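Bear in mind the structure is a predicted one, so any value in this text is a computation, not a measurement.
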Amino acid sequence: MDTVLSVENLKTYFYTREGVAKAVNGVDLHLDRGEILGVVGESGCGKSVTAFSILRLVPRPGRIVSGEIVLDDRDLLRLSPAEMRRIRGDRISMIFQEPMISLNPAFTIGDQLVEALRIHRNMNKTEARDHAVDMLRKVEIPSPERRFNEYPHQLSGGMSQRAMIAESLLLNPQVLIADEPTTALDVTIQAQVLDVMYRLTRDIGTAIMLITHNLGLVAESARRVMVMYAGRVIEEGPVKSIFENAKHPYTRGLLHSIPLPGRRRRQTDSRLFEIKGIVPSLFDLPPGCAFYPRCSECQDICRHEAPLRCEIDGQHQVFCWLYEPCRKGS
Amino acid sequence: MVRYIIKRILYIIPTLFIVAFLIFFLVHLIPGDPALVILGEDASPENVKVVRETLGLDKPLYTQFVLWIGKVGMGDFGRSIFTKRPVIDDILERFPVTLVLTTLAMIFSLLIALPPGIYAAVHHNTRKDYTFMFCTILGVSIPGFWLGLMALLFFSVKLGWFPTIGFVPMWEDFFVGFRYMVLPSMTLGLFMAAVVARMIRSSMLEVLRLEYVTHARAKGLGEWKVIGKHALKNAFGPTLTTIGIQYGMLLGGAVITETVFSLPGLGKYLVLSIYSRDYPVVQGCILFFALTYMVINLVVDILYVYFDPRIVYE
Amino acid sequence: MMTWQRLVAHKTGMLGLVIILLNVSVAFTAPWVATHDPLGMDILNRDAPPSMDHIFGTDDYGRDIFSRVVYGTRISLYISLLSVLVAMVCGIGIGAFSGYYRGWADTVIMRFMDALMSFPAILLAIGIMAVRGGHINNVVIALGVVYTPRFARIVRGSFLSLKEKEFVEAAVAGGNGDLVIIFRHILPNCMAPIIVQATVSLAYAILAEAALSFLGLGAPPPAPSWGNILSDARNFMLDAPWMTIFPGIAITFSVLGFNLLGDALRDVLDPRLK
């Protein structure tokens with residue numbers, strides 16, 4: 001397959017007065033051309049920080065400590081700031097959770113779209129305007145010419161997010177990172193917005209890194225999914241394979257905890273399932289598997305050593321000592 | 001938008017009435033009979049009575065107030081007891097000096113406040129930030145009139161860079177006039193500079209945390225553009241409000257600065273007329289100052305819309 | 001309490017506190033710290049530069065400037081503390097009443113407060129002093145009037161938001177009278193911004209008092225108010241610069257103390273106000 005983005009052993013740490021928080025602690029991922037990769041995990045597992053690391057926008061006091069991020073043969077971590085700026089918005093775009101606060105309230109929608117165009121392409125005002133209005137139309141915003149001159153607070157949540165999508169896809173990026181794109185929207189709007197997003201990215205050929213804690217979203221649209229926990233990837237693979245045959249106890253716990261009406265349950269299971277325990281503090285990660293304290297199937301080795309990658313079949317991989325290929329020597 | 005402006009203007013009118021009332025009330029409590037002041041202590045009671053009638057002082061207070069307000073509405077602020085000229089003429093003659101002084105002070109303070117304020121916000125919690133904060137606290141602790149005296153002593157007397165006495169209006173001779181205004185406007189503006197610098201820093205700190213700033217960076221904008229265009233425009237709103245409020249301090253400070261530097265402005269005129277108990281002038285001046293302040297704040301409110309369009313819809 | 005610990009840990013705030021305490025102790029021990037009688041004239045020694053005998057030199061009347069500056073501490077502290085106290089009492093009273101009872105009384109009162117605030121502070125103080133004449137207590141009244149609206153606004157604002165909270169409902173349901181609710185239940189929760197405003201007002205009050213005296217509209221001479229000393233010194237600035245330097249430093253120093261403390265209080269009590 002044609003890999004457009006590949007991340008190897010990414011480590012991003014936050015150096016604070018209270019200590020070092022290892023937000024991303026050795027993450028590998030790859031994104032193929034045009035595919036949708038779901039990245040799931042609880043709050044604080046490092047999914048957003050991974051996204052920001054790819055764009056090299058990690059805020060102080062965080063720093064990318066090591067790793068390689070390769071976009072089309074170039075290691076982004078080696079680029080100069082100016083070169084990196086050319087990548088942002090042009091080759092890799094990002095949309096954020098709350099569109100209402102992601103758009104600058106002091107500038108019109110049109111201003112902001114046109115700005116994106118004029119930074120990266122040498123367009124004059126009229127060209128840029130036409131292009132932007134056209135894009136607004138593509139994301140199904142009614143009366144795009146009028147909306148072009150309006151301010152973000154004059155748009156509804158759904159429209160704002162569509163405007164964001166328009167802006168992020170204006171330059172036909174290779175990768176779109178969508179960080180919880182529908183979490184802040186009404187349920188009824190979510191489907192519409194996602195629809196627009198998928199349709200356009202398919203037309204352009206943009207790969208999507210869909211970050212969410214909503215497994216349902218992933219099940220519907222992603223081809224592959226990656227599960228993160230406490231700064232590490234603990235399982236990844238094709239959606240079907242993961243959902244039907246999850247290997248890692250955490251993944252299994254996540255899937256199990258989705259309340260589905262009509263799902264067959266044991267008689268004793270009248271309460272909602274929850275994984276016992278809480279996420280470890282990123283300042284104080286256990287030396288071995290991060291999930292160890294909460295795992296019902298843990299072994300002694302889990303406490304001391306971080307699990308290695310084991311291939312289950314083809315693309316499905318898991319990081320867990322339970323599985324044969326993980327035993328040492330493999 | 002127009003509705004917003006009209007609403008703001010309508011809001012001022014009752015306040016204006018109360019201000020006028022307070023001024024009238026205040027001035028008419030000043031001890032001493034103006035008629036006696038004019039005629040002298042030994043004047044005969046009949047003469048005093050005649051003068052009082054002429055000045056309208058025999059009528060009940062509320063009538064006097066209404067008459068005064070009516071006249072003020074027409075632009076007639078009465079006549080100075082001493083110069084006999086219409087107060088409004090005296091005011092308009094001197095106001096331009098005060099206006100130039102306060103405007104220069106404001107320009108100067110913005111020039112020295114904005115860059116460090118923004119810089120401190122961007123370098124939050126570093127030693128540069130702490131130094132900045134200390135400097136601003138120092139800036140608001142130094143008494144303006146003393147600073148003026150020290151500046152005169154050092155720059156005019158010792159170094160001879162600026163003239164010590166005299167005055168040439170800037171509209172007569174721009175550069176010469178400017179030299180007379182440099183020290184006064186700089187000392188006047190220092191306090192405001194410190195306040196504005198802190199305000200812009202705190203606004204910027206708030207704004208820089210917001211998502212649209214990260215979004216702007218994610219678009220590929222250079223850091224200068226992110227801070228200077230996206231962040232600053234939003235941060236400037238509250239700062240603008242502060243500037244409006246601080247303009248009041250400028251107007252008040254102008255009174256003192258004009259006294260220290262002997263500038264023929266409205267502030268010095270006010271102080272002199274208080275010494276000489278020239279009530280119509282005192283009334284007129286204070287009213288004029290208050291009016292100016294209100295107009296400035298109105299302008300600020302209108303300009304605010306440019307920086308934060310959301311306000312019109314509230 | 002956590003706030004106390006954080007306050008003590010705040011270095012510049014503690015510096016401010018030290019400065020204030022220094023000020024207060026000088027004010028209290030003035031008779032012992034001062035080297036001469038602040039009003040005593042030594043005509044033979046007028047306009048003398050700083051020396052061992054007269055640390056800050058003498059003014060045109062032969063009075064020792066150092067002693068005058070020392071006694072000036074008393075005047076500035078007296079006026080600022082008292083005027084802010086007056087402003088607090090009046091402002092809290094007005095603000096609490098306005099914020100609690102709302103209605104047209106609230107609108108009228110707040111319009112009045114707005115009108116008062118639309119005067120530049122110094123001008124209002126000048127105006128009031130012109131009416132009442134030069135006397136130390138008149139300065140207190142003038143500054144008290146000037147700062148009252150600021151406290152009123154803050155208290156009213158707090159009341160507006162706190163009044164809706166549940167603990168107030170509970171207090172009302174418990175059968176407490178209005179006054180009790182206002183003073184025992186709601187007011188203690190507004191103290192943070194009030195304290196910050198009080199410290200800031202103290203700083204401004206010292207500056208304002210000095211400015212008023214400088215203009216001849218403050219504590220009447222020969223009182224050794226710092227503003228008076230500077231006003232006297234003005235004519236001799238060229239020949240005797242020491243007369244102007246030291247009182248100004250004294251003013252800056254005192255104000256600095258309150259500003260530093262005020263800033264620290266703001267950081268500790270309500271970082272959002274930063």
Could you give the distance from CZ (A:R60) to OG1 (B:T126), rounded to the nearest 0.5 Å?
7.0 Å
May I ask you to list the residues in residues 160-168 of chain A that approach chain B closer than 4.5 angstrom, counting heavy atoms only, ordered by number?
A:M164, A:E167
Heavy atoms of other groups near A:M159 CE, more than 12 under 6.0 Å:
yes
Donor-acceptor pairs under 3.5 Å, side chain of residues 107-123 of chain B to any protein atom, not counting sequence neighbours: which ones?
| from | atom 1 | to | atom 2 | distance (Å) |
| --- | --- | --- | --- | --- |
| B:S109 | OG | B:M106 | O | 3.0 |

Counting neighbours of CZ on A:F283 that are heavy atoms of other residues, nucleotides or ligands and sit closer than 6.0 Å, is the number greater than 12?
yes
Take atom CZ in B:F178; do more than 12 heavy atoms of anything else shown fall under 6.0 Å from it?
no
Is any residue of residues 111-132 of chain A within less than 4.5 Å of chain B by heavy atoms, and which ones?
A:Q112, A:E115, A:A116, A:I119, A:H120
Plane angle bin for A:F107 and B:H230 - parallel if under 30°, tilted between 30 and 60°, otherwise perpendicular:
tilted
At a 4.5 Å cut-off on heavy atoms, which part of A:R56 comes close to chain B: side chain, backbone, both, or neither?
neither
Min side-chain heavy-atom separation A:L103-B:Y212 under 4.5 Å
no
Contact residues of residues 231-242 of chain B (partner chain A; heavy-atom separation under 4.5 angstrom):
B:K233, B:N234
For A:I101, is it the side chain, the backbone, both, or neither that has a heavy atom closer than 4.5 Å to a heavy atom of chain B?
both
Greater than 12 external heavy atoms within 6.0 Å of B:K225's NZ
no
Any chance you could measure B:N125, atom CG, to A:R17, atom CZ, to the nearest 0.5 Å?
6.5 Å
Proximity breakdown for A:S102 and chain B, heavy-atom pairs closer than 4.5 Å
both
